[in-house]
Protein chains: 2
Amino acid sequence: MELNYYTSEDKVLLAVDCIIFGFDKHHLKILLVKRNIEPEKGKWSLIGGFLKQDENLDEAAARVLETLTGLHDIYMEQLYAYSKIDRDPGNRTISVAYFALIDVASHQFEGVQLESAQWFDLEEAPKLIFDHDQMVVKAVSRLRRRALTMPIGFELLPEKFTMRQLQTLYESILDKKLDKRNFVNKINSLDILIKLDEKDMTVARKGAYLYTFDKEKYDRKVAEDGFSFKI
Amino acid sequence: MELNYYTSEDKVLLAVDCIIFGFDKHHLKILLVKRNIEPEKGKWSLIGGFLKQDENLDEAAARVLETLTGLHDIYMEQLYAYSKIDRDPGNRTISVAYFALIDVASHQFEGVQLESAQWFDLEEAPKLIFDHDQMVVKAVSRLRRRALTMPIGFELLPEKFTMRQLQTLYESILDKKLDKRNFVNKINSLDILIKLDEKDMTVARKGAYLYTFDKEKYDRKVAEDGFSFKI
DNA sequence: GCAAAAGTGTTGTAAGTACACCCATGG
DNA sequence: CCATGGGTGTACTTACAACACTTTTGC
């Protein structure tokens with residue numbers, strides 16, 4: 001039974017749109033779809049959907065992501081609410097943007113083949129409908145800030161990765177070259193990776209050591225000391 | 001004429017709630033109201049209102065603020081969208097929180113007297129309705145981050161202020177003591193204040209020099225060099 | 001003349017940045 | 001044996017942190 005106060009107030013359509021970042025060992029990518037409903041049918045767009053009565057925004061964003069990719073338990077974060085009156089010519093709609101981080105390689109998701117979804121290099125992405133380009137710009141900037149202060153880069157990498165992959169990822173996110181020795185020193189000084197007795201031999205004759213992120217150790221350090229991740 | 005696509009989708013009530021920060025030369029404060037509608041009538045709350053069809057969220061937040069305080073052209077920033085299903089027992093409502101910065105002293109606003117609104121020291125604020133406490137926590141953390149990286153502290157101060165007032169403001173925001181000499185050196189090295197030939201004689205026998213924020217100079221520095229404000 | 005707040009520099013320490021060579025291996 | 005990318009340490013520079021005494025003037 002619902003009480004229904006505020007009966008005289010306007011109601012609106014509330015959408016979520018997801019900026020999905022991926023990394024394919026060389027470039028930072030975003031996942032886009034060809035929109036299959038009017039208006040703007042056939043144009044490139046972020047994936048999105050409408051909030052339902054029985055879910056909160058986080059759940060709606062996760063649902064939208066899972067519907068397209070089949071993936072769940074993905075890192076997602078609310079970005080910003082977009083509310084320009086005529087932002088969607090189809091109807092007055094407010095959209096709350098979310099961004100998600102997934103590892104392109106590890107997850108062979110079916111959805112991307114089935115739907116008309118496609119990965120784009122961030123620099124080569126097409127123009128998007130509505131205010132979606134604006135959302136992407138903000139998402140990139142948020143990702144950059146997060147990557148510098150939280151260990152979220154690992155969400156974009158496979159379980160096991162080389163130092164060079166991690167560095168390339170950071171170079172993609174920050175859009176600048178980093179010094180190899182300084183980067184390794186910095187990462188090692190954080191002391192939150194496990195160096196495995198295993199090498200990736202595909203990457204060089206010599207091979208390159210594989211590492212994994214030690215989440216337990218990281219969580220312990222944060223809880224115990226006032227440890228804070230900083231690149 | 002409206003097109004009305006998406007006709008089968010659920011609509012929701014969309015509210016804005018404002019965390020209004022002030023500074024009274026000693027303490028960081030927030031402005032709260034005694035709620036005058038059901039549910040939770042009579043309890044302390046952030047000021048809020050519902051989004052109307054003919055305005056975007058920024059406009060709604062500005063309207064809500066002006067309705068209570070009579071103030072306009074106030075620094076406001078969108079914080080986060082809160083969407084827990086039963087967050088408001090009156091009805092399913094999504095709320096987008098905004099925070100605002102105003103100078104308590106310079107603005108003698110009538111609203112605060114008329115409505116049952118009241119300034120509270122941040123530490124002494126009462127428990128608030130719904131998820132408003134959670135909003136305040138996030139707003140404080142956002143304010144802290146902004147204050148360290150953008151010149152928004154001046155929004156909370158009168159046009160003319162002393163170095164000590166600026167330092168006390170930062171100490172309130174960051175909730176820690178700062179070293180007087182280091183603080184002055186840091187601020188002066190930024191080179192964005194104008195030192196006036198005028199002293200505030202109420203604050204000490206000796207008097208204290210007054211300063212103003214040189215917004216033009218700041219904007220120029222940001223545009224020309226890659227200058228970035230950092231405390 | 002003294003209480004009360006303003007004003008002012010230096011030195012040590014930690015973090016960041018720049019930089020070049022050897023190693024291991026598959027072909 | 002050589003081409004390729006992996007792996008490693010040091011010196012310099014810059015930002016941050018700690019710290020104490022003199023000045024002014026109303027009472």
Side-chain angles (χ1 to χ4, degrees), chain A residues 25-27 144-145 147-149 157-158 160-172 174-212 221 225-231, chain B residues 25-27 144-145 147-149 157-158 160-172 174-212 221 225-231:
Chain A
K25 307 206 178 207
H26 298 288
H27 296 99
R144 224 161 254 173
R145 183 152 54 79
L148 289 170
T149 57
L157 290 172
K160 300 172 182 180
F161 51 87
T162 67
M163 271 292 175
R164 176 47 68 111
Q165 280 167 27
L166 185 61
Q167 184 181 339
T168 306
L169 169 63
Y170 270 88
E171 290 178 337
S172 310
L174 303 176
D175 194 28
K176 69 173 177 192
K177 285 268 162 230
L178 300 174
D179 179 83
K180 182 164 56 158
R181 278 168 296 186
N182 291 341
F183 184 79
V184 170
N185 290 155
K186 174 65 76 73
I187 297 292
N188 283 334
S189 76
L190 292 174
D191 187 29
I192 50 171
L193 294 190
I194 299 169
K195 185 176 190 169
L196 303 174
D197 285 331
E198 196 180 341
K199 285 188 165 190
D200 178 350
M201 299 307 293
T202 68
V203 74
R205 324 267 159 152
K206 189 180 175 180
Y209 281 106
L210 288 166
Y211 293 79
T212 57
K221 285 172 89 96
D225 332 327
F227 176 79
S228 84
F229 181 95
K230 287 261 179 275
I231 297 289
Chain B
K25 306 202 179 211
H26 298 287
H27 296 99
R144 225 162 254 173
R145 182 152 54 81
L148 289 170
T149 57
L157 290 173
K160 302 174 181 179
F161 50 86
T162 67
M163 271 291 175
R164 177 47 68 113
Q165 279 167 28
L166 185 60
Q167 183 180 340
T168 306
L169 169 62
Y170 270 88
E171 290 178 336
S172 309
L174 303 176
D175 194 27
K176 68 173 177 192
K177 284 268 161 229
L178 299 174
D179 179 83
K180 182 165 55 159
R181 278 168 297 185
N182 290 342
F183 184 79
V184 170
N185 290 155
K186 174 66 75 74
I187 297 293
N188 283 334
S189 76
L190 292 172
D191 187 30
I192 51 172
L193 294 191
I194 300 170
K195 185 175 187 170
L196 303 175
D197 284 331
E198 195 180 341
K199 285 188 164 191
D200 179 350
M201 298 308 291
T202 67
V203 73
R205 325 268 159 153
K206 191 181 175 182
Y209 281 106
L210 288 166
Y211 294 79
T212 56
K221 286 172 88 97
D225 332 325
F227 176 79
S228 84
F229 181 96
K230 287 259 179 278
I231 296 287

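Given the structure is predicted, the values throughout are model-derived calculations rather than measurements.
A cation-pi arrangement, defined by a distance under 6.0 Å to the six-membered ring centre and an angle within 45 degrees of its axis, is absent between Lys195(B) and Tyr211(B).
Other residues, nucleotides and ligands contribute more than 12 heavy atoms inside 6.0 Å of the NZ atom of Lys221(A). Counting non-hydrogen atoms of neighbouring residues, nucleotides and ligands closer than 6.0 angstrom, the CZ atom of Phe227(A) exceeds 12 such neighbours.
Rounded to a whole Å, the CE atom of Met163(B) is 9 Å from the P atom of dG7(C). For the pair Arg164(B) CZ and dT8(C) C1', the interatomic distance rounds to 13 Å; values are reported in whole Å. If you take OH of Tyr209(B) and C1' of dA5(C), they are 15 Å apart, rounded to a whole angstrom. Spacing between atom CG of Asn188(B) and atom C1' of dG9(C) amounts to 13 Å, rounded to whole angstrom units. Rounded to whole Å, the distance from CG on Asp200(B) to C1' on dG7(C) is 15 Å. If you measure from atom CD of Gln165(B) to atom C1' of dA5(C), you get 13 Å, rounded to the nearest angstrom. Regarding Ile187(B), its CD1 atom lies at a distance of 14 Å from the P atom of dT8(C), rounded to whole Å. Protein atom CG of Leu210(B) is 12 Å distant from nucleotide atom P of dA6(C), rounded to whole Å.
For Ala204(B), the side-chain atoms get nearest to dA5(C) when compared with the rest of dG6(D), dA5(C), dT8(C).
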Nucleotide-resolved protein contact map, nucleotides 12-20 of chain D, B/S/- at heavy-atom distance under 4.0 Å: ----SBBBB
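Counting all heavy atoms, side chain and backbone alike, Arg205(B) lies closest to Met201(B) at O-CE, 3.4 Å.
Under a 3.5 Å cut-off, the side chain of Tyr170(A) and the backbone N or O of Ala147(A) do form a donor-acceptor pair. Remark: side-chain polar atoms of Glu171(A) are paired, donor with acceptor, to backbone N or O of Leu178(A) under 3.5 angstrom.
Here the straight-line distance linking atom OG1 of Thr168(A) with atom CZ of Phe161(A) works out to 12.5 Å at 0.5 Å rounding. Separating the NZ atom in Lys230(A) from the CG atom in Leu148(A) is a distance of 8.5 Å, to the nearest 0.5 Å.
Using a 4.0 Å heavy-atom criterion, one finds that Val203(A) contacts the sugar-phosphate atoms exclusively.
Under the 4.5 Å side-chain criterion, counting only non-hydrogen atoms from C-beta, Val203(A) is not in contact with Gln165(A).
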Polar-atom pairs under 3.5 Å, protein N or O versus N or O of nucleotides 25-27 of chain D: list them with distances, or write none.
residue : atom : partner   : partner atom : Å
dG26(D) : N3   : Arg205(B) : NH1          : 3.4

